[in-house]
Amino acid sequence: MLELRKDIFADERDDNLKEIGKGTQRQDMLGHVTGTSSYFNDHKLQGMLHLKVVRSTQAHARIRRIDTTDAERSAGVRRIIRGTDVPVNLNTLLSLINFGKDDEPSLAVDKVRYKGEPILAIVADSEREAFEAIAKVKVDYEPLPAVFDVEDALKPGAPVVNETYPKNAFVYHDVYDHQRLRFGDADAALASADHVLEQRYQMSPIEHAPTETNGAIAAPDTNGRYVVYTSTQALFFSVDTCAKILDVPSNTFHFIGGTVGGGFGGKVDTLTEPLAILGAMLTGRPVRYVFGREEEMQYGPPRGAERIYIKDGVMRDGRIVARKIHAYFDSGAYTRLSSYAAVKCAAHLPGPYTIPNVYGDVYCVFTNRTPATAMRGFGVTAMDFAIECQMDKLANLVGMDPMEFRILNAYRDGDMKAHRREAKNTALIECVQVAAEKAKWPIREEFKRASSRKDGGGSRAAIPPTPTDSSRTRAAAPAQQRTSYDRLPPTVTREPPRDPPPPAPPPAPPRPAGPSHGATRFSSVFGTRRR
Amino acid sequence: MTRHRGRGMASINYPIGMNLGGDPSQALVHSNPSGKFTVALSSIDLGQGMKSVTRQICAETLGVPVEDVYVDTADSDTGPHCMGSFASRGTHRVGNAVMAAAREARGVMMEAAAEELEVNAADLETDGRGNIHVRGAPHRSISTKDVAIAAQFKQGKTISGRGIFLVPLSNVDPETGEMSPATCYAHACLVAEVEVDDETGEVAMVRMDSAYELGRALNPRLVEQQLVGGAWMGVSHALYETPEPYYPDPVHGPRDFVEYLMPGPGDICPHDIAVLERPAPDGPFGAKGPGEMCANPVLPAVANAIFNAVGVRIDDLPITPEKVLRAIKAQGGARPQARR
Amino acid sequence: MAVTVKTFASASEAAGALSSDRSARYLGGGTLVMRALNEGDVAISTVVRASDQALTRIDASGPRITLGAGVTFARVLAERDLGFLHAPARSIGGPAVRNMGTVGGNLFAPSPYGDFTVALLALDATVAVAGGFGSRDIPIEEFLQARERQAGTLVLSVSCTRPANSEAFRYRKIARIKPKGGSVITLAAHLPISGGRIAGARIALGSMAPTQIRARAAERTLEGRSLDAATITAAASAVTEGTSPSDNALGSAWYRREIVGVHLRRLLSGQE
Amino acid sequence: MPTTPLQFRHNGRDVAIFVDGGTNLLVALRELIGDMTPKFGCGQGGCGACSVLVDGELHLSCLTLAETVAGRSIETLDGMKQGPNLHPLQRAFADNFAAQCGYCTPGMLMAAKALLDRNPAPTRDEVIEAISGNICRCTGYEPIINAILAAASGRVSA
């Protein structure tokens with residue numbers, strides 16, 4: 001049952017529209033109910049070959065030798081593709097937006113870093129023949145110690161998962177092994193809080209489990225081009241990733257997709273397209289590479305695990321005065337997108353509440369497991385779980401109703417958020433009020449009267465004095481260095497650490513009238529556009 | 001008495017679009033000679049309704065019926081660049097690009113109509129049913145079909161438009177984390193009621209009540225699809241799912257849909273939803289994006305409801321019967337909290 | 001090399017083909033063998049079938065019932081005289097799996113599958129198998145203990161004695177997913193009553209050991225007693241004895257041990 | 001080259017093809033006959049996306065050895081429309097917005113048809129049981145259950 005509450009925020013909307021707001025039937029519904037919606041795999045191509053990969057049986061091992069003698073002689077085998085056959089066998093997805101270092105091969109060459117990592121691709125006349133050839137491949141491994149826990153991975157002496165990041169953590173801003181958020185003086189506020197609550201939260205990985213598994217069909221087309229039917233969630237992302245890995249101009253490819261059997265974030269990584277195209281290039285035939293269900297579940301990227309520590313200071317009257325968070329994203333063996341999730345997570349702190357002192361350190365950590373990627377609620381789902389469980393505990397601690405506790409601490413229009421932007425267009429309070437009403441959950445009159453549009457701003461708009469970390473001295477030293485993933489022009493240099501801000505900030509945030517995105521006063525690891 | 005009921009709640013917000021921006025999407029809109037419009041995109045429809053919602057945005061902006069618009073996606077030879085379908089960016093980013101393209105096409109269409117009707121284009125309006133007429137004088141009218149024919153064959157005009165939407169990339173301060181992560185946020189609050197078996201640790205969903213604020217429900221049926229399905233996924237994440245049941249020990253990973261746990265059709269519960277609309281200043285018709293955030297409040301609401309039912313806090317996801325049972329045993333039995 | 005399919009008119013011929021070829025598997029309903037082929041099990045290169053009518057025969061008229069190995073769960077459910085087996089049959093798969101999966105195949109289904117077999121174990125079924133030298137009957141318990149070595153044998157049928165009444169046989173599958181999910185544990189109890197006392201109790205458990213097993217200690221607590229609260233409590237507390245459950249994706253060994261007594265108590269006392 | 005001849009009825013039409021030993025019915029339908037309506041979701045019997053009717057019974061085509069359907073009648077979603085008109089179940093799925101990505105829809109519709117063909121007036125629990133072998137990752141099942149109940153009671157749009 002869905003009810004539209006048109007009475008709320010009515011003054012901010014023009015509801016006099018013709019097509020918008022109507023429950024019009026989906027454009028694709030007729031296709032869906034007749035089975036004529038065309039997914040990547042619904043293309044029947046003459047002479048199609050089948051690609052399967054040999055996956056590592058080890059979580060962490062050096063590859064001593066790969067013996068394909070028997071596999072090459074196996075019936076129906078057209079081509080065995082090794083890492084050395086991949087033109088650019090090292091990539092990181094976000095290199096397209098100049099973020100992070102190339103750290104992942106399409107096919108492992110000298111080392112495997114997670115169980116299930118692809119080592120060889122076999123192209124054969126049938127799936128059965130590809131499976132038979134796989135069974136004949138002999139890989140000689142030298143097992144290495146593996147690390148599976150994010151905090152163990154950060155300890156000195158932990159096995160190095162991914163040599164591109166020898167400390168097992170993604171490097172932010174050339175300097176830190178984590179993304180920081182600093183707003184006010186959390187430690188001082190914790191020291192003077194009536195109650196302090198510190199808790200640990202954990203989310204195991206989660207699989208996207210779309211009913212259609214990842215896959216692609218690539219086929220030689222006219223005029224030297226390749227047509228690629230794909231399940232990708234990001235068409236040009238996949239085009240450009242393939243162009244980079246295969247070292248050809250992007251207009252070599254004609255990608256066709258757009259009708260996908262569920263994604264939820266699990267079809268961004270462009271895992272099948274490069275090998276399918278390479279198979280087509282090497283054999284001159286159409287090649288299909290589609291994940292089996294077990295492959296999708298175990299070796300397709302999951303939503304990565306997260307471990308979160310929250311330490312909150314709360315006053316007897318229910319006001320939260322400090323929130324300090326350490327969060328660890330388990331990226332698995334390679335970066336994929338977890339590095340970006342950690343920044344998004346830092347931006348999300350401390351949740352939709354106005355807390356005057358916030359401190360966050362968010363780590364992207366490498367372990368010997370299947371690389372993680374984006375999923376519905378990327379970078380936020382686990383943090384929301386942690387924050388909202390913590391909110392329930394805090395309400396309990398101070399003896400408040402949890403709904404009223406949320407409303408008391410909710411952010412409102414005009415408040416300063418911890419990432420130092422003004423809160424606008426907020427509606428948390430109204431959501432709490434309406435949910436309480438629907439659930440017949442009694443809240444007191446003063447909380448029913450609260451509004452996102454009232455009582456924000458003023459002193460709540462201030463950026464509080466924020467002390468520098470002691471670690472900042474250590475961190476400042478290499479700040480002038482640039483690493484290869486920072487592809488900004490060399491003239492852009494890091495500004496030296498600023499002095500602590502003045503003790504009495506202005507009531508309103510210093511903010512230009514227009515959008516301040518892309519402000520140039522910070523140096524950044526984020527480039528502007530693709531290479 | 002071994003089964004205990006409890007209620008819990010959670011409230012959340014969610015950023016719309018790729019974090020920090022810098023994620024453009026483009027759209028092309030053009031009319032065929034009989035006034036039927038095609039939207040060319042490279043954006044992906046994963047089931048969320050990309051084709052359908054951009055179709056409505058285009059029709060509204062052009063001022064034509066939705067039946068006169070067809071969305072074609074995703075072909076890299078014909079569809080212009082889009083960053084992709086993720087980060088709740090479809091409605092907001094692609095919707096804005098389609099709006100911009102449709103606005104440009106509408107401009108040409110109105111000019112062509114003005115030339116046919118021998119009036120000033122500024123005096124014309126669309127009726128949303130396929131006609132353009134002089135404001136206040138509905139009888140001085142021309143169909144969009146006739147305008148398209150005239151534009152194509154008589155005036156030599158192309159009724160088409162290009163659109164791009166880009167939230168400029170924000171930097172991030174390494175020391176403070178100062179940044180502009182998103183331009184707008186969706187909001188939600190959800191109440192979950194559960195029943196916990198204190199001898200087996202099993203948790204059953206009883207009902208959910210929720211309020212979601214998402215800027216504008218461009219199509220309430222599509223919104224309902226996202227919110228109902230998303231809340232189901234939230235329950236699934238809360239109580240069932242993981243490919244690593246013994247994380248961080250990487251053993252006994254599920255290999256099929258029997259071992260990978262997701263609630264079945266017999267595990268679902270009634271879910272009463274309210275939708276609030278506080279338009280985002282930069283959203284297409286104020287819209288934000290419901291697709292991702294809808295699952296998020298369910299996880300903590302369920303955890304908090306379990307506490308209310310039996311007095312144990314499970315801070316590890318997923319909240320399996322085993323974790324609940326261990327916690328109940330550790331505290332010496334269920335301790336139901338005050339009924340809510 | 002494509003897979004070779006060999007179809008025989010008689011079960012004995014099929015049995016011969018099966019026992020002479022280590023790469024051969026018998027195709028019943030397809031839920032095990034076809035899955036293995038789809039997933040690239042190259043150890044299977046021959047698929048053996050039999051069109052023998054005997055394999056799909058149901059004899060449910062008398063006190064002792066016999067189900068051909070190729071009888072599907074849907075057919076069990078359609079047979080009014082097999083009411084005591086409806087609960088276990090209904091607990092298998094979804095409707096499509098029940099239309100395909102067979103009683104014989106279930107004997108080979110590894111954990112977390114094989115729930116129907118739990119019921120058969122409690123009912124002290126006999127498994128008729130065809131080997132190289134004709135057919136023979138094996139008590140199901142013996143069959144299961146040697147299951148790893150049974151790949152080359154063809155099951156012809158299973159038979160068991162009909163329970164005296166609906167109270168005498170109880171079955172419950174504990175799954176996380178409703179209405180159909182993999183078994184966390186599965187329980188079946190056959191409790192014949194003679195003069196108000198239980199005589200010949202058999203409790204069978206699924207997912208409490210590498211194969212389906214009997215809970216002999218629990219059986220002993222029931223023997224010669226009436227099914228009262230004290231007896232039920234005694235059975236519930238004895239039920240883990242002799243079990244050796246494992247961790248898997250659906251639950252841990254610890255959890256299985258913790259709940260098996262709870263569920264046995266509920267099953268015996270008729271609670272939900 | 002496939003060597004085993006196979007004939008069966010496909011949506012009321014006789015078809016004759018050659019299959020390899022070990023070919024499953026899903027591959028036969030999709031790659032040899034060109035009926036793309038049954039979908040590959042797992043190959044394990046766990047998702048139901050490949051569901052078809054074999055002589056009116058719901059079967060998983062991925063677990064069906066193709067040659068076992070010789071002489072039998074196979075129905076897929078491709079044959080569900082009644083001439084140019086949608087089947088009431090198809091209309092009900094549309095009315096109830098019971099599809100998002102659409103990938104499970106063919107299997108769901110076949111499972112629903114198998115139910116209604118035998119039980120024209122099912123209860124909600126019977127509907128739930130009927131689709132219990134079919135995974136949907138998008139909808140949360142509620143719209144699908146409602147659609148099947150609506151089709152059964154004739155509550156469908158024209």
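A, B, ... follow the sequence lines: proteins, then strands. Residue 1 opens every chain.
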Exercise for review: Go through the steps to decide whether B/Arg313 and A/Asp392 satisfy the test salt bridge (Lys or Arg N to Asp or Glu O under 4.0 Å), and finish with yes or no.
Suggested key: CA-CA 10 Å; B/Arg313 294 286 186 185; A/Asp392 206 59; 2.9 Å; yes
Honestly, the part of B/Glu259 sitting under 4.5 Å from a heavy atom of chain A is neither
Turns out that what part of B/Thr126 lies under 4.5 Å from chain A's heavy atoms comes down to backbone
The test is salt bridge (Lys or Arg N to Asp or Glu O under 4.0 Å); show your working for A/Arg5 and B/Glu277 and say whether it passes. CA-CA 8 Å; A/Arg5 288 294 298 266; B/Glu277 300 169 301; over 6 Å; no
Check this for me, if you would: do B/Arg216 and A/Asp15 make a salt bridge, where the nitrogen-to-carboxylate-oxygen distance has to be below 4.0 angstrom? yes
key: Residue pair A/Glu19, B/Leu218: steps toward the side chain to side chain contact (heavy atoms under 4.5 Å, CB included) verdict   = CA-CA 8 Å; A/Glu19 297 293 346; B/Leu218 299 179; over 6 Å; no
Interatomic distance, CG@B/Asn171 vs NE2@A/His173, rounded to 0.5 Å, equals 9.5 Å
Separation between CD1 (A/Ile256) and CG (B/Asp77), nearest 0.5 Å, reads 7.5 Å
Quiz prompt | Any donor-acceptor pair under 3.5 Å from A/Glu294 side chain to B/Asp256 backbone | solution = no
Any donor-acceptor pair under 3.5 Å linking the side chain of A/Asn425 with the backbone of B/Pro279? yes
Highest number of heavy-atom pairs under 4.5 Å with chain A among B/Pro254, B/Pro297, B/Gly79 belongs to B/Pro254
- Task: Determine yes or no for a side-chain-to-main-chain donor-acceptor pair under 3.5 angstrom, with B/Arg255 supplying the side chain and A/Met297 the backbone.
- Result: no
Tightest non-hydrogen contact, residues A/Gln179 and B/Asp173, listed as NE2-O, 3.9 Å
Under 4.5 Å to a heavy atom of chain B? For A/His348 that would be side chain
Shortest non-hydrogen pair, A/Val434 vs B/Ala274, comes out as CG1-CB, 3.5 Å
When the 4.5 angstrom heavy-atom criterion is applied to B/Ala188 and chain A, the contacting part is backbone
* To do: For the residue pair B/Tyr185 and A/Tyr411, categorise the inter-ring angle as parallel (less than 30°), tilted (30 to 60°) or perpendicular (more than 60°).
  => perpendicular
Whatever's closer than 4.5 Å to a heavy atom in chain A on B/Tyr70 counts as both
(request) Without swapping roles, check the side chain of B/Thr176 against the backbone of A/Arg182 for a donor-acceptor pair under 3.5 Å. (result) no
The side chain to side chain contact (heavy atoms under 4.5 Å, CB included) partner of B/His237 among A/Met203, A/Met375, A/Arg376 is A/Met375
One should read off an interatomic distance between B/Gln56 CD and A/Gln27 CD, to the nearest 0.5 angstrom, of 10.5 Å
Practice item. Evaluate the side-chain proximity of B/Pro15 to A/Lys344: yes if any heavy-atom separation is below 4.5 Å, no if none is. Key: yes
With chain A, the option among B/Gly84, B/Pro220, B/Gly128 that has the most non-hydrogen atom pairs under 4.5 Å is B/Pro220
Turns out that what part of A/Arg303 lies under 4.5 Å from chain B's heavy atoms comes down to side chain
By side-chain contact (heavy atoms from CB on, under 4.5 Å), B/Cys189 pairs with (sequence neighbours left out) A/Met403, A/Cys431, A/Val432, A/Ala435, B/Met9, B/Ser11
Chain A shares the most heavy-atom pairs under 4.5 Å, among B/Val71, B/Val64, B/Ile57, with B/Val71
A/Lys424 and B/Pro281, any side-chain heavy atoms less than 4.5 Å apart
no
If we count only N and O atoms by modelled type, under 3.5 Å, do the side chains of A/Gln298 and B/Tyr260 hold a donor and an acceptor together?
no
Assert top hit (heavy-atom pairs under 4.5 Å, partner chain A, pool B/Arg129, B/Gln48, B/Glu60, B/Arg278) equals B/Arg278
In this structure, CD1 of A/Ile20 is separated from OG1 of B/Thr61 (nearest 0.5 Å) by 7.0 Å
Check your understanding: Which is it for B/Asp315 and A/Lys393 under the side chain to side chain contact (heavy atoms under 4.5 Å, CB included) test, yes or no, and what are the steps along the way?
Key -> CA-CA 11 Å; B/Asp315 296 332; A/Lys393 295 174 189 176; 2.7 Å; yes
Bottom line for B/Met18: the part with an atom under 4.5 Å from chain A's heavy atoms is side chain
Assert top hit (heavy-atom pairs under 4.5 Å, partner chain A, pool B/Val191, B/Asp23, B/Asp72, B/Thr73) equals B/Val191
Turns out that what part of B/Leu227 lies under 4.5 Å from chain A's heavy atoms comes down to side chain
Minimum side-chain heavy-atom gap B/Ser76-A/Phe236 below 4.5 Å
yes
So, the part of B/Ile12 with a heavy atom under 4.5 Å from chain A: the answer is both
Okay, A/Ala427 and chain B: the region with an atom under 4.5 Å from a heavy atom over there is both
Most contact-rich option vs chain A, by heavy-atom pairs under 4.5 angstrom, among B/Asp272, B/Asp282, B/Leu299, is B/Asp272
Turns out that what part of A/Pro302 lies under 4.5 Å from chain B's heavy atoms comes down to side chain
Applying a strict 4.5 Å limit to non-hydrogen atoms, the region of B/Ser210 in contact with chain A is backbone
Sequence neighbours excluded, the answer for salt bridge (Lys or Arg N to Asp or Glu O under 4.0 Å) partners of A/Asp330 is A/Arg369
From the list A/Asp28, A/Thr259, A/Val260, side chain to side chain contact (heavy atoms under 4.5 Å, CB included) with B/Asp45 holds only for A/Asp28
Quiz prompt | Modelled atom types, side-chain donor and acceptor of A/Lys267 and B/Ser85, under 3.5 Å | solution = no
Are any side-chain N or O atoms of A/Tyr340 and backbone N or O atoms of B/Asn19, one a donor and one an acceptor, separated by less than 3.5 Å? yes
The interface call for B/Met208 against chain A, heavy-atom contacts under 4.5 Å, is neither
- Item | side chain to side chain contact (heavy atoms under 4.5 Å, CB included) between A/Thr468 and B/Glu175, intermediate numbers included | CA-CA 8 Å; A/Thr468 53; B/Glu175 306 304 327; over 6 Å; no
### Task
Look at A/Arg421 together with B/Glu178 and state whether they make a salt bridge at an N to O cut-off of under 4.0 Å.
yes
- Message: Donor-acceptor pair, distance only, cut-off 3.5 Å: does the side chain of B/Asn304 make one with the backbone of A/Glu388?
- Response: yes
